[in-house]
Amino acid sequence: MSYIWTLAEQANGHLKQVSFELLTRGRKLADSLDTKLASLLIGNGVSAEALRELIQSGADEVYYVEDPRLASFSCETYSNIMVELIKTYQPHTILAAATSSGRTLMPYVAVKVKTGLTADCTELDIEETTGNLLQTRPAIGGNILATIKTPNHRPQMATVRPKSTRPPEPDADRDGKIINVPFKEEWLDGRVEFLGYRKDAGDFENIEEADIIIAGGKGMKKAENFKMLRRLSDSLEGMVGATRDAVDRGWIGYSHQIGLSGKTVSPKLYIGAGISGSIQHLAGIKTSEIIVSINNDPEAPLHKIADFAIVGDLFNVLPELQKRLEGGK
Amino acid sequence: MNIIVPIKQVPETSNVKMDPETGTMVRSGVESVVNPLDLYALEAALSLKDSHGATVTAVTMGPPKARKVLDMAISMGCDDGVLVSDRKFGGADTWATSYTLSEAIKALGNVDLIIAGERATDGDTAQVGPGIAAWMILPLATYISDIEVESEKCLIVERLVEEGYERLRLPLPALITVVKEIASPRLPTLRGKKKAMQTEIRTLSTENLTLESTNLGLKGSPTKVVKIETPKVTRGGTVVEAMDDASVTEAVDRLMDFLRQREVV
Ligand SMILES: Cc1cc2nc3c(=O)[nH]c(=O)nc-3n(C[C@H](O)[C@H](O)[C@H](O)COP(=O)(O)OP(=O)(O)OC[C@H]3O[C@@H](n4cnc5c(N)ncnc54)[C@H](O)[C@@H]3O)c2cc1C
Ligand SMILES: Cc1cc2nc3c(=O)[nH]c(=O)nc-3n(C[C@H](O)[C@H](O)[C@H](O)COP(=O)(O)OP(=O)(O)OC[C@H]3O[C@@H](n4cnc5c(N)ncnc54)[C@H](O)[C@@H]3O)c2cc1C
């Protein structure tokens with residue numbers, strides 16, 4: 001029986017949290033098919049302890065391809081590696097994260113190995129009768145959930161939405177194999193040259209990774225007032241989000257935009273203040289665990305989908321909330 | 001420079017309302033428009049045309065009525081529009097769509113740069129751009145927020161990723177997908193609209209493309225949609241009013257209780 005694979009991700013030699021979330025998904029699939037779970041990592045400078053953490057979190061095997069030239073993501077080189085390993089080991093299923101690199105690499109690889117790819121899944125299951133992977137994903141701005149199969153092609157490939165599941169509790173006693181796959185020169189593509197990170201990245205923030213997001217819309221009235229949200233997000237150890245209207249007015253940078261033409265977020269807690277809840281904005285927040293809405297219009301659509309709605313003036317409610325959070329009770 | 005911009009027609013969503021009872025989209029009177037994120041790809045191509053000189057061709061795959069989005073692209077300033085259309089292309093997933101589009105683009109010859117949108121607002125996979133690059137064995141740079149022309153044969157681009165912005169040197173020919181930050185899309189002009197009326201749209205189909213028939217449409221698609229559901233959007237949450245000072249205090253009290261109970265603070 002061929003294995004389930006997850007594609008682990010690293011940055012500067014550190015494993016990203018989403019690598020562990022994928023193991024939660026992969027373990028479940030491997031158990032229901034009674035097969036093994038392997039994690040593939042391409043990168044540089046990841047410590048042996050970190051690799052063991054993948055085993056402790058559910059992987060039976062870890063394949064690590066390491067070279068200084070793999071330190072930063074290269075779609076062409078990474079795909080050469082994956083294509084060869086897929087041909088050699090013929091996995092049953094490959095899961096990667098729906099991140100900037102996963103969403104770039106996986107479609108490139110799927111074309112090369114002639115198989116299907118389902119995007120940004122939020123649920124994965126095994127169909128009992130066939131052993132096929134059932135891949136469920138939101139589409140059309142989260143207004144529908146489509147379940148997709150790849151019945152006649154192998155491997156079955158899917159990207160999985162970050163934060164759509166929790167990482168497993170590590171088990172220090174779990175055993176597994178760590179296999180160092182020697183890097184081959186012929187894998188190196190070298191056409192695209194990585195020059196570095198931009199130093200001045202403005203008010204850039206990766207809100208997709210936030211557990212708590214406090215977002216503001218046009219009801220915040222001006223850029224100055226976003227400082228209120230920043231203070232709240234600092235107290236909550238969260239990040240600040242925004243609607244397109246707020247971003248277009250220059251109140252905050254594009255990396256904070258949530259919705260159809262911005263980021264899709266799945267935090268534990270989303271608080272929206274002065275946000276009407278347009279269908280395009282809702283498209284980006286529907287998989288949040290808890291939604292809180294603060295808006296003085298009782299008819300605001302965001303109130304309708306909120307778990308907790310405060311009908312009131314945000315300029316009264318937010319400072320009161322700040323006081324409570326700082327007061328510690 | 002020869003630039004190709006693949007654009008998709010999608011249902012217009014700005015006027016769409018949700019039915020709060022059933023959680024479905026109210027679809028009446030929904031029109032098709034250019035995928036909003038493709039307007040940024042068009043703008044990126046047209047600003048390269050303005051600054052460095054280029055021929056910009058918009059390409060769309062879809063039913064005959066998809067030509068409407070090509071008219072829009074030409075009225076913004078594109079030089080040409082190509083419709084990739086055939087009944088055999090219907091129902092294609094991203095694998096089959098990117099195959100067909102890559103063959104159409106190859107048939108147009110001589111491309112230096114392909115600029116795709118970040119993703120389509122309906123299918124929302126973001127897979128077609130990378131797929132085209134893979135079929136054409138082109139270098140790929142996704143989520144591009146800035147383009148500098150280093151030379152005829154080379155771009156310096158910035159890529160928006162989780163950690164910030166990467167800078168890359170990208171040799172041409174190549175494929176990039178762009179994010180909204182790249183530029184604000186220009187509006188169609190009257191002159192452009194006239195030009196669109198006069199421009200003949202070329203159609204590519206199984207008749208004038210050499211295609212592997214097993215790679216086309218629904219039949220040639222490795223993925224199959226087996227079920228569609230509409231998730232309920234109404235959460236039936238607590239609603240509290242906070243219209244005066246006393247009720248603000250009480251509302252925030254209750255919010256804090258709620259957050260503590262759900263273990264987020
Ligand atoms: C193709 C397309 C893509 C789009 N993509 C996105 C996207 O990615 N993200 C996005 O957010 N939007 C997107 N939009 C825009 C979207 O349609 C809405 O225009 C936008 O979300 C509205 O932003 P808002 O809620 O900040 O503003 P508004 O809709 O104007 O809402 C402001 C709210 O603030 C409330 N308010 C005002 N004053 C106060 C106060 N003192 N106290 C409390 N409440 C107050 C008002 O009652 C109102 O409900 C897109 C639109 C299109 C057509
Ligand atoms: C509910 C639902 C879920 C789906 N899920 C999947 C899935 O998980 N995997 C899968 O393989 N297919 C899936 N499909 C099929 C997929 O939507 C179609 O193949 C679609 O034609 C292209 O994908 P997209 O809309 O995601 O475009 P994206 O890949 O998001 O589009 C990215 C860019 O590619 C270009 N582009 C895309 N389509 C065209 C076109 N027709 N003509 C010109 N340029 C274009 C544009 O520049 C666009 O901005 C799904 C379809 C539906 C209805």
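Quick note on labels: first sequence line is chain A, next is B, and so on, each numbered from 1.
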message: Need one label for B/V265: side chain, backbone, both or neither, based on atoms under 4.5 Å from any heavy atom in chain A.
response: side chain

- prompt: Minimum heavy-atom separation for A/T104 to B/Y143, with atom names?
  reply: OG1-CE1, 3.9 Å

- prompt: Looking at side-chain heavy atoms only, is the closest gap between A/I148 and B/V226 below 4.5 Å?
  reply: no

message: As an exercise: rank B/E118, B/E229, B/E181 by heavy-atom pairs under 4.5 Å with chain A and give me the winner.
response: B/E229

Check against side-chain contact (heavy atoms from CB on, under 4.5 Å), B/T249 and A/E320: CA-CA 7 Å; B/T249 317; A/E320 185 64 28; 3.9 Å; yes

query: Given that the side chain runs from C-beta out, which part of B/I228 has a heavy atom under 4.5 Å from chain A: side chain, backbone, both or neither?
result: both

message: If I measure from the heavy atoms of chain A, does B/I132 come under 4.5 Å with its side chain, its backbone, both, or neither?
response: neither

- prompt: What pair of heavy atoms forms the shortest contact from B/I137 to A/R191, and how long is it?
  reply: O-NH1, 3.0 Å

- prompt: Taking the six-membered ring for Trp, are the ring centroids of A/F204 and B/Y165 within less than 6.0 Å of each other?
  reply: yes

- prompt: Does the side chain of B/L255 reach to within under 4.5 Å of the side chain of A/I310, using non-hydrogen atoms?
  reply: yes

Side chain to side chain donor-acceptor pair (under 3.5 Å) evaluation trace for A/T118 with B/T223: CA-CA 7 Å; A/T118 304; B/T223 64; 5.6 Å; no

message: If we define contacts as heavy-atom pairs under 4.5 Å, which of B/L168, B/V10, B/D122, B/L259 has the most with chain A?
response: B/L168

Stepwise side-chain contact (heavy atoms from CB on, under 4.5 Å) test for B/R167 and A/F194: CA-CA 6 Å; B/R167 284 175 71 77; A/F194 177 76; over 6 Å; no

statement: Distance col, row B/M256:CE vs A/R324:CZ, nearest 0.5 angstrom, shows 7.5 Å

- prompt: Do you know which of A/S255, A/S100, A/G116 has the most heavy-atom pairs with chain B at a distance under 4.5 angstrom?
  reply: A/S100

- request: Counting only heavy atoms closer than 4.5 Å, note whether B/E263 contacts chain A via side chain, backbone, both or neither.
  value: neither

- prompt: Under 3.5 Å, side chain of A/E76 to main-chain N/O of B/L140, donor-acceptor pair present?
  reply: yes

- line: Closest non-hydrogen contact found for B/F258 with A/I290 is CE2-CG2, 3.6 Å

Atom CG of A/N12 with >12 non-hydrogen neighbours under 6.0 angstrom: no

- prompt: How long is the span from the CD1 atom in A/I140 to the OG1 atom in B/T121, to the nearest 0.5 Å?
  reply: 9.0 Å

Smallest separation among heavy atoms of B/A134 and A/K112, with atom names: O-NZ, 3.6 Å

message: Quick check on the interface: out of A/N316, A/V292, A/T115, who has the most heavy-atom pairs with chain B under 4.5 Å?
response: A/T115

- prompt: Can you tell which of B/A120, B/A133, B/A96 has the highest number of heavy-atom pairs within less than 4.5 Å of chain A?
  reply: B/A133

field: Atom group of B/N215 that falls short of 4.5 Å from chain A, counting heavy atoms
entry: neither

query: Where does A/D120 contact chain B at under 4.5 Å (heavy atoms): side chain, backbone, both or neither?
result: neither

- request: Determine whether B/K227 and A/L145 make a side-chain contact, defined as any pair of heavy atoms from C-beta on separated by less than 4.5 Å.
  value: no

query: So which bits of residues 149-162 of chain B come within less than 4.5 Å of chain A, counting non-hydrogen atoms only?
result: B/I156, B/E158, B/R159, B/L160, B/V161, B/E162

- request: Kindly give the heavy-atom pair with the smallest separation between B/M243 and A/G312, and that separation in Å.
  value: SD-CA, 4.2 Å

- request: May I ask you to check whether over 12 heavy atoms, not counting those of B/K106, lie within 6.0 Å of atom NZ?
  value: yes

query: Are B/R262 and A/K268 close enough, and set up right, to give a side-chain contact (heavy atoms from CB on, under 4.5 Å), and what steps lead you there?
result: CA-CA 10 Å; B/R262 300 286 297 262; A/K268 284 197 200 112; over 6 Å; no

- request: Determine yes or no for a side-chain-to-main-chain donor-acceptor pair under 3.5 angstrom, with B/Q127 supplying the side chain and A/L117 the backbone.
  value: yes

- request: For chain B, find which of A/Q156, A/K16, A/E237, A/E205 contributes the most heavy-atom pairs closer than 4.5 angstrom.
  value: A/K16

- prompt: With respect to chain A, which residue among B/R254, B/E163, B/E241 yields the maximal number of heavy-atom pairs within a distance under 4.5 Å?
  reply: B/E163

- line: If one checks every heavy atom of A/A146 against chain B at 4.5 Å, the contacting part turns out to be both

- prompt: Any side-chain heavy atom of A/F308 sitting closer than 4.5 Å to one from B/V239?
  reply: no

task: Kindly determine whether B/Y99 and A/V111 satisfy side-chain contact (heavy atoms from CB on, under 4.5 Å), including the steps that lead there.
output: CA-CA 8 Å; B/Y99 168 72; A/V111 161; over 6 Å; no

- request: Pick whichever of A/S235, A/S278, A/G196, A/S101 has the most heavy-atom pairs under 4.5 Å with chain B.
  value: A/G196

message: Looking at every non-hydrogen atom in both residues, tell me the closest pair between A/P107 and B/P130 and how far apart they are.
response: CG-CB, 3.6 Å

Atom group of A/H303 that falls short of 4.5 Å from chain B, counting heavy atoms: neither

Residue, of A/I212, A/I291, A/D189, that accumulates the most heavy atom pairs under 4.5 Å with chain B: A/I291

message: As an exercise: rank B/V179, B/V248, B/D245, B/T94 by heavy-atom pairs under 4.5 Å with chain A and give me the winner.
response: B/V248

- line: Of the listed B/D244, B/L138, B/D93, the one with the largest count of heavy-atom pairs under 4.5 Å with chain A is B/L138

- prompt: Within a radius of less than 6.0 Å around CG of B/L209, do more than 12 heavy atoms belonging to other residues, nucleotides or ligands occur?
  reply: yes

query: Among A/D313, A/N152, A/T99, who wins on heavy-atom pairs under 4.5 Å with chain B?
result: A/T99

query: Of all residues at least two apart in sequence or in a different chain, which pass the side-chain hydrogen bond (donor to acceptor under 3.5 Å, both in side chains) check with B/D124?
result: B/R119

